[in-house]
Amino acid sequence: MSYYLEPNKDYRNDSLRHGAEFSEEDIRVDTAKHYDDCYWDYRTAWFDNENLALHYGYWDENTKTHSQALLNKNRILAEIAGIKPEDHVLDAGCGIGGSSIWLAKHVGCRATGVTVSARQVEHAKRNAERHGVSDKVDFQQADFCKTPFPDESFDVVWAVESSCYATDKRDFFREAYRLLRKGGTLIACDGYATRREFNEEEWQAVMDCLNGWAVPNLASVEEFQAGMEECGFRDVHITEATAETMPSSRRMYLTALWTYPMQLTMQWLGLRSKAQTANFKVALAQYKVFRDKMVRYCIFRAKK
């Protein structure tokens, strides 16, 4: 039996909340619940106080540790985007503030981060204060497809593994285009589907990823670029980064295997929430979709 993953549809079939309807608002609520419930999973197994990262990172020949890879991702994206100290960056899907704080500390620019999670806003503000950059960064609870900011407020829109949360990616592109000043830059990176047809085993892995991370669908590289161009962006540049992502994908997978007995025990005792259990399944499934080349990782840069 074959399954098809079409663009601009919500394929999730298991909400993180019992009996929830599936709508744009519910995607936002599920996204916030995922990151709120799984904060300590990420805190203990993924990020540290320096990188504050909820993304895969970037491994190159100079990267020796996981923490370095997470910090390195910021450097790579900032270089590709050409961010300057005088720029104002919108961190679209800012998480707990890692990228915004890094940009303020290492580039010297201003950054405004938005996230659908009120708790993440609180974490991000505390992290900024601890890193001494509260004067350069600001964090707000907002949907990056419908922000409260005026037209042409930013020089750069930065989206690290967040644009996937838009059901129709063009909704994000239109808002990014509105917010950017003329000549501004959109920089985005994520995993992208390499094909649309899957067998039953492959489809289960894809669905574990979508349900577990509250992501409605996956765009292909071609669809992502076409959506950017349809919404007015030009000079789209794509950097392949699958090889530089795989060490982190494998690390996530191995961490899940090592903690499998603990997960089963805590789940049986009722000590793991639905979001936490779903996050565990994602750790296994995401490696399969990368390893079996169902997904590739790319960095996009485009100009207004």
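- Judged by distance alone, with hydrogens and angles left aside, the side-chain atoms of Arg301 form no donor-acceptor pair with the main-chain N or O of Ile187 at under 3.5 Å.
- Within the 3.5 Å criterion, the main-chain N or O of Asp37 finds a donor-acceptor partner in the side chain of Gln276.
- A salt bridge links Lys288 with Glu201; the closest basic N to acidic carboxylate O contact falls under 4.0 Å.
- Rounding to the nearest 0.5 Å gives a distance of 11.5 Å between CD1 of Ile238 and CD1 of Ile80.
- Classification of Arg126 and Glu129 as a salt-bridged pair fails, no side-chain N sitting under 4.0 Å from a carboxylate O.
- We find that Arg296 and Glu240 are joined by a salt bridge, their nearest charged nitrogen and carboxylate oxygen being less than 4.0 Å apart.
- Under 4.0 Å is where a charged nitrogen must lie from a carboxylate oxygen, and between Arg110 and Asp87 no such pair does.
- Ring centroids of Phe144 and Tyr165 are separated by 6.0 Å or more, keeping the two rings apart.
- Considering only heavy atoms from C-beta on, Asn217 stays 4.5 Å or farther from Asp10 through its side chain.
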Verify salt bridge (charged side-chain N to carboxylate O under 4.0 Å, His left out) between Lys169 and Glu230, making sure each step is shown before the conclusion.
CA-CA 11 Å; Lys169 313 309 180 228; Glu230 179 183 331; over 6 Å; no
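- The structure places OH of Tyr3 at 12.5 Å from CZ of Phe198, a figure rounded to the nearest 0.5 Å.
- A salt bridge links Glu175 with Arg178: the closest approach of a Lys/Arg side-chain nitrogen to an acidic carboxylate oxygen falls below 4.0 angstrom.
- No chain of hydrophobic side-chain contacts below 4.5 Å, direct or via other Ile, Leu, Val, Met, Phe, Trp or Tyr residues, connects Val121 to Trp102.
- Between Phe300 and Tyr192, the distance separating the two ring centers is shorter than 6.0 angstrom.
- Counting only heavy atoms from C-beta outward, the side chains of Ser249 and Tyr56 approach each other to under 4.5 Å.
- In summary, the aromatic rings of His66 and Trp46 are positioned with their centroids under 6.0 Å apart.
- For Lys281, the NZ atom counts as loosely surrounded, since its 6.0 Å shell holds 12 or fewer non-hydrogen atoms of other residues, nucleotides or ligands.
- Hydrophobic cluster membership is shared by Tyr35 and Phe280, with clusters built from Ile, Leu, Val, Met, Phe, Trp and Tyr side chains linked at under 4.5 angstrom.
- The existence of a salt bridge linking Lys73 and Glu161 is confirmed by a sub-4.0 Å separation between a basic side-chain nitrogen and an acidic carboxylate oxygen.
- For the pair Ser162 (side chain) and Ala92 (backbone), a donor-acceptor distance under 3.5 Å is present.
- We find the OG1-CG distance between Thr65 and Asn51 to be 9.0 Å, quoted to the nearest 0.5 Å.
- With salt bridges taken as basic N to acidic carboxylate O contacts below 4.0 Å, none links Lys304 and Asp155.
- Counting heavy atoms from C-beta on, the side chains of Val89 and Phe154 never come closer than 4.5 Å.
- Here Tyr39 and His123 bring their ring centres to under 6.0 angstrom of each other.
- Classification of Asp60 and Arg75 as a salt-bridged pair holds, one side-chain N sitting under 4.0 Å from a carboxylate O.
- No salt bridge links Glu223 with Arg170; every basic N to acidic carboxylate O contact stays at or beyond 4.0 Å.
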